[in-house]
Amino acid sequence: YRHMMAAHKLFEDKDGNLLWFSKENNSNGCVNTVDLTYPEAPLFLAYNPELQKAMMTSIFDYSYSGRWTKPFAAHDLGTYPLANGQRYSGDMPLEEAGNMLTLAAMLCKLDGNTAYVDKYWDIITTWADYLVENGQDPENQLCTDDFAGHWAHNCNLSLKAICGVAGYAEMARLKGDAATADKYLATARQMAKKWEEMALEGDHYRLAFDRENTWSQKYNMIWDKLWNLGLFSDDVYKREISYYLTKQNKYGLPLDCRRDYTKSDWIMWTAAMAPDDDTFRKFVIPVYNYINETESRVPISDWSDTKTGKMVGFKARSVIGGYWMKVFADKLAAQLEEIKALKKEIEQFKAKASAGGADDMLKNAEDVGGIHVVTATVTEGDANSLRKLGDLLRDKDSAVVAVIALVGEKLSLLAVCGKDAVAKGIKAGDIIKTIAPICGGKGGGKPDSAMGGGSDKSKVNEALAAVKPFVSERV
């Protein structure tokens, strides 16, 4: 933890925004390298998401300022301590765009809103579109594991793009843009389906789509699991995890089939996808043994040999924050369960309130030839809660004819008729067809339940007043 935190500097910019600059230690000394911000994220997502934002804000602002104009995120901000523009010699287009989008989506999901990214929405839309256009089958692009060699058609890089597109969809949904969310999530699902077909090789998935007899860790898939999107089936996770267990060495799971070395931060990401704690430990114990037994007496090296336990390269780097992925995953799962329980309590409370409201409405019903006419206006709820209220009224009184107007941002009308009312020829669909035009709308439905809408809320009382004469004419 101390090793990880010490790789950063905390301060404010001239506008008072919190900035948390990392230094790419034991490498090129870059400031806020995005593909370090990504692997180290679990620690901050678990304990202090504001620091995670403080690393990413400067990358967003680099594009927002107009100094970085490419359709994907920058790799870095400069050479520490001068954050005066990218210094890395090559771009990592899919890598950095995918990193920023998945992390931004995770932060927004933790916040429950998109306030953090609203300022940058046009930018992240451009990045998302880049992933859609280029991420299915990557060209020979640099990525965070470029020290292992550059291969085109990288399956794990494709996964990053797919999860980045899904992350954009999740942010759009939080923003209230269901159409955009549905569009991009559908695209992510299509990409995921094609990925499975292209990458599958018997009992595992390839390192590169066009390379037979290869394999690699698919740690980028973790976001699908964390967000419960189901982009990939349980069989995909099971197949990969089971295969990895056959490839482990004394000191851990190699990064891929090309070398015996590994990145222990990625092992911890991969391990977090395990189906249970026992399987998780099978991946973690070799990493623990490496750290405990290595002859390389340096601040933890994240790049080590899985057979000798010796450092290959890199030390004292912030990516060790990735060791907290399981901690974060478990914490997030617990929060989701808590939210689920709270939603259930709220629904139960609403149901009780709705039942009480239905009883009150029936007490005030007006008898019209043996039919109990209820008309009412409500200002809270949605179409679903309106239907539930109508169902309660119909279930409690077989002779009821109830028309409820929901006056919110939009005007919604619901009509329900009990079976005795329907038997007398009074149909909910006909009621809606009669009264909705009064409010400048239309609608229809079944004899026992129908819905409609309108554009003129000022005509609601007039529309409701038309219900009693409608019933009178039919009894």
Test item: side-chain donor near acceptor, Y219 and D265, under 3.5 Å | no

Do the side-chain N and O atoms of S264 and Y323 include a donor-acceptor pair separated by under 3.5 angstrom?
-> yes

Answer yes or no: are there more than 12 heavy-atom neighbours, outside K457 itself, under 6.0 Å from its atom NZ?
-> yes

R67: salt bridge (charged side-chain N to carboxylate O under 4.0 Å, His left out) partners, not counting sequence neighbours | none

Residues which pass salt bridge (charged side-chain N to carboxylate O under 4.0 Å, His left out) with K315, listed by chain and number, not counting sequence neighbours | none

Should we say atom CD of E380 is surrounded by more than 12 heavy atoms from elsewhere, each under 6.0 Å from it?
-> no

If we ignore angles and hydrogens, is there a donor and acceptor under 3.5 Å between the side chains of D61 and S65?
-> no

Who passes salt bridge (charged side-chain N to carboxylate O under 4.0 Å, His left out) against D391, sequence neighbours left out?
-> R394

Tested for side-chain contact (heavy atoms from CB on, under 4.5 Å) against P71, the lone hit among L131, T126, I123 is T126

Salt bridge or not for K53 and D111, using N-O below 4.0 Å?
-> yes

Qualifying residues under side chain to side chain donor-acceptor pair (under 3.5 Å), relative to T279, sequence neighbours excluded = D276

Using only heavy-atom distances, determine whether the side chains of N32 and Y62 contain a donor-acceptor pair under 3.5 Å.
-> no

How about W223 and W269: are their ring centres within less than 6.0 Å of each other?
-> yes

Shortest non-hydrogen pair, I59 vs A73, comes out as CG2-CB, 4.4 Å

Of all heavy-atom pairs linking S301 and Y290, the shortest is O-OH, 2.6 Å

Assess the side chains of D256 and S216: does a donor N or O sit below 3.5 Å from an acceptor N or O?
-> no

Single hit among W127, W121, W68 for ring-ring contact (aromatic ring centres under 6.0 Å, His included) with F60 = W127

Atom pair CG/CE of L159 and M191 - distance to nearest 0.5 Å = 10.0 Å

If a pair satisfies side chain to side chain donor-acceptor pair (under 3.5 Å) and one of its residues is in residues 183-198, list it, with sequence neighbours excluded.
-> D129-Y184

Just checking, any donor-acceptor pair under 3.5 angstrom between side chains of Y116 and T57?
-> yes

Charged N to carboxylate O under 4.0 angstrom, K310 versus D305?
-> no

Test item: side-chain donor near acceptor, T33 and D35, under 3.5 Å = no

Could you pull out the closest heavy-atom pair between S27 and R317, with the gap in Å?
-> CB-NH1, 3.9 Å

Flag this pair as yes if the NZ/CZ of R211 is under 6.0 angstrom from the six-membered ring centre of W151 and inside a 45 degree cone about the axis; otherwise no.
-> yes

Could you state the interatomic distance from CG (L413) to NZ (K442), rounded to the nearest 0.5 Å?
-> 14.0 Å

Please answer whether the main-chain N or O of Y205 pairs with a side-chain N or O of E240 as donor and acceptor at a distance below 3.5 Å.
-> yes

Looking only at heavy atoms, the pair that brings Q86 and H75 closest together is OE1-N, 2.7 Å

Taking the six-membered ring where the residue is Trp, are the ring centres of H8 and F44 under 6.0 Å apart?
-> yes

With a 3.5 Å cut-off and no angle check, do the side chains of Y168 and T125 form a donor-acceptor pair?
-> yes

Pair listing, salt bridge (Lys or Arg N to Asp or Glu O under 4.0 Å) test, anchored in residues 77-104, at least two apart = K70-D91, E95-K160

